[in-house]
Number of protein chains: 2
Amino acid sequence: MSMTHTPSRFNSTLTSQCQKCSLSALCLPIALADEDINKLDQIIERKKPLKKGEFLFRQGDTFNSVYAVRSGTLKTFNITSYGEEQITGFYCPSELVGLSGIDSNKYPVSAKALETTTVCEIPFSHLEDLSVQIPSLRHQLFKVMSRKISDDQQMMVLLGKKNADEKVASFLLNLSNRFKIRGYSASSFRLSMSRGEIGNYLGLAVETVSRVITRFQKSELIHVDGKEIEILNFSEMQKLVGVASDCGKIARI
Amino acid sequence: MSMTHTPSRFNSTLTSQCQKCSLSALCLPIALADEDINKLDQIIERKKPLKKGEFLFRQGDTFNSVYAVRSGTLKTFNITSYGEEQITGFYCPSELVGLSGIDSNKYPVSAKALETTTVCEIPFSHLEDLSVQIPSLRHQLFKVMSRKISDDQQMMVLLGKKNADEKVASFLLNLSNRFKIRGYSASSFRLSMSRGEIGNYLGLAVETVSRVITRFQKSELIHVDGKEIEILNFSEMQKLVGVASDCGKIARI
DNA sequence: AGTAATCATTGATCTAAATCAGCAGGCTAT
DNA sequence: ATAGCCTGCTGATTTAGATCAATGATTACT
């Protein structure tokens, strides 16, 4: 064991963690040269796992870092003036959480683990500095933020214009695609969030989510067993959400 | 008239347009040194005014530039799979349009003028280059994008959780604040969008918008004359939208 | 293992907002 | 001017989804 620093299971400077990480093709290192990945690697802190229900940060906390999910799932949410929680997003491995804190230097949302979750902490000031040295990293960062903006706008369309069936179908297909991109099955996966959380996110009552899911199962679009979901009929599901506008969206990385 | 380039009413290289622009304190030049403002100024193209109904860009167009609104108002919208328009935002002077195009190199929305509107075109590749030289510009750009993300998330809360009264009240107070920040009256302004466009944006039917506005007028919260709006009772309006969570949001630049 | 607590499902009822429909005031184009 | 067309307003009716209520099914706790 070295005396000068304490390499841990979560942070070794001998070899690049990012290079070994199976998510590097989806995460910030995308399109970076090996030596640049190493530079990025050195500013990243691997944190110890969060247990289900633990906070990564809270609404109002001072913003210092963005976080890349390594494993598990997070939700972000606001507390409204009536004290209810409003979920603004779910985050899968390789996705970046906390970007909304840059503007005001405080996180405008809280982030909480839906299951045991590990994240890479990326101090934003270091990331900004590094983005000056590495043009492709800078561009990637702009792309990630831009992507977030257009995804959120799609979400606004969903909330403003779609009915319950379309909302739930969009949600399931969106998750399916995110799993697919990460190399998991697109047709069979486990929901890490509760029906209540799905409803909260989609602007629906729990009961409505439950009824829609039951209805989808009866019409053999999906098969459900608790939190396990299997999508049986993709083309019908896609028809439901409106293939033309959404599928392109949903299919993009 | 020079032979080497053609200075126009909209683009003079002799003096910095940005420095003279009354919006510079709100727009990208915020916090820039004079010489840096000049550098920024030189990559910006002032475009000739758009007439009401003209497009700035269309969904699917190749992304090259972001645009700062100089005067007038724009709306951005998606065309859904059913061919309906879904408005995703309204843009006032000093606000940046087109950031959602960075990711895919195509604009995922269309942008259209609601009235005679002038914009500054900012080629994004130049802006990116310049952001390497000017740290405060780079940081400002990250901030603007971050701000957009958190504003859109507030909009998601509005669409998902609020009733018709709260939606319309939030909308009016949000506009009011944007006018106030720009040095116009916070209490008295003109809506550049139709009732139909407001409803579309808020996820409400035109009739509902009309009824809510009439109701607000009857309870003396506002006074309305066509597109002219006067807010008579700010505190009641703020109570309606839920002061705690939204007002801080709405009040920020 | 056993009990409490939370989560999910289903049915009955209610309601906010959509839809349908009719009309009036402004604008544009002839 | 005048016809035709949007835009906005209001009333009547309908409906999708919320709310209320009750009961299983999972999960968490000790």
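Every heavy atom of this structure was used, including side-chain atoms; hydrogens, water molecules and symmetry mates were not. Predicted model only: the values in this text are computed from it and were never measured. Here is how names work: the chains are called A, B, and so on, in the same order as the sequence lines, proteins then strands, and each is numbered from 1.
Across all strands, A/Lys167 comes closer than 4.0 Å to no nucleic acid atom at all (heavy-atom distances). Within 4.0 Å (heavy atoms only), B/Ser210 reaches at least one base atom of the nucleic acid.
Using modelled atom types, one finds no donor on one side chain facing an acceptor on the other under 3.5 Å when comparing A/Glu230 with A/Ser188. A donor-acceptor contact closer than 3.5 angstrom is absent between the side chains of A/Arg46 and A/Thr118. Between the side chains of A/Asn233 and A/Ser235, at least one donor-acceptor pair of N or O atoms lies under 3.5 Å. No side-chain donor-acceptor contact under 3.5 Å links B/Ser100 and A/Ser146.
Between A/Tyr107 and A/Tyr67, the ring planes are tilted. Angles from 30° to 60° get that label.
Of the residues in residues 214-232 of chain B, B/Thr214, B/Lys227 come within less than 4.0 Å of DNA chain D through at least one heavy atom, sorted by number.
A salt bridge is defined here as a Lys NZ or Arg NE, NH1 or NH2 lying under 4.0 Å from an Asp or Glu carboxylate O, and B/Asp103 with A/Lys148 fails to meet this definition. Contact check on A/Lys161 versus B/Glu84 returns no salt bridge, with no Lys/Arg side-chain nitrogen under 4.0 Å from an Asp/Glu carboxylate oxygen. At a threshold of 4.0 Å, the pair B/Lys51-B/Glu115 does not count as salt-bridged, since none of the basic side-chain nitrogens sits closer than that to a carboxylate oxygen.
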Item to complete: Begin with the C-alpha distance, continue with both residues' side-chain angles, and end with the deciding distance and a verdict on side-chain hydrogen bond (donor to acceptor under 3.5 Å, both in side chains) for A/Ser170 and A/Lys162.
Response: CA-CA 9 Å; A/Ser170 299; A/Lys162 296 190 176 182; 3.2 Å; yes

Practice prompt. Mind running salt bridge (charged side-chain N to carboxylate O under 4.0 Å, His left out) on A/Glu85 and A/Lys112 for me, showing each step along the way?
Written response: CA-CA 12 Å; A/Glu85 162 176 328; A/Lys112 200 176 198 176; 5.4 Å; no

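Protein chain B contacts DNA chain D from D/dG8 to D/dA12, reading 5' to 3' and using non-hydrogen atoms of the protein with a distance under 4.0 Å.
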Worksheet, complete the sentence: Expected string for nucleotides 16-30 of chain C under the B/S/- scheme (protein heavy atoms, under 4.0 Å, primed atoms plus P, OP1, OP2 as sugar-phosphate) is -SSBB----------

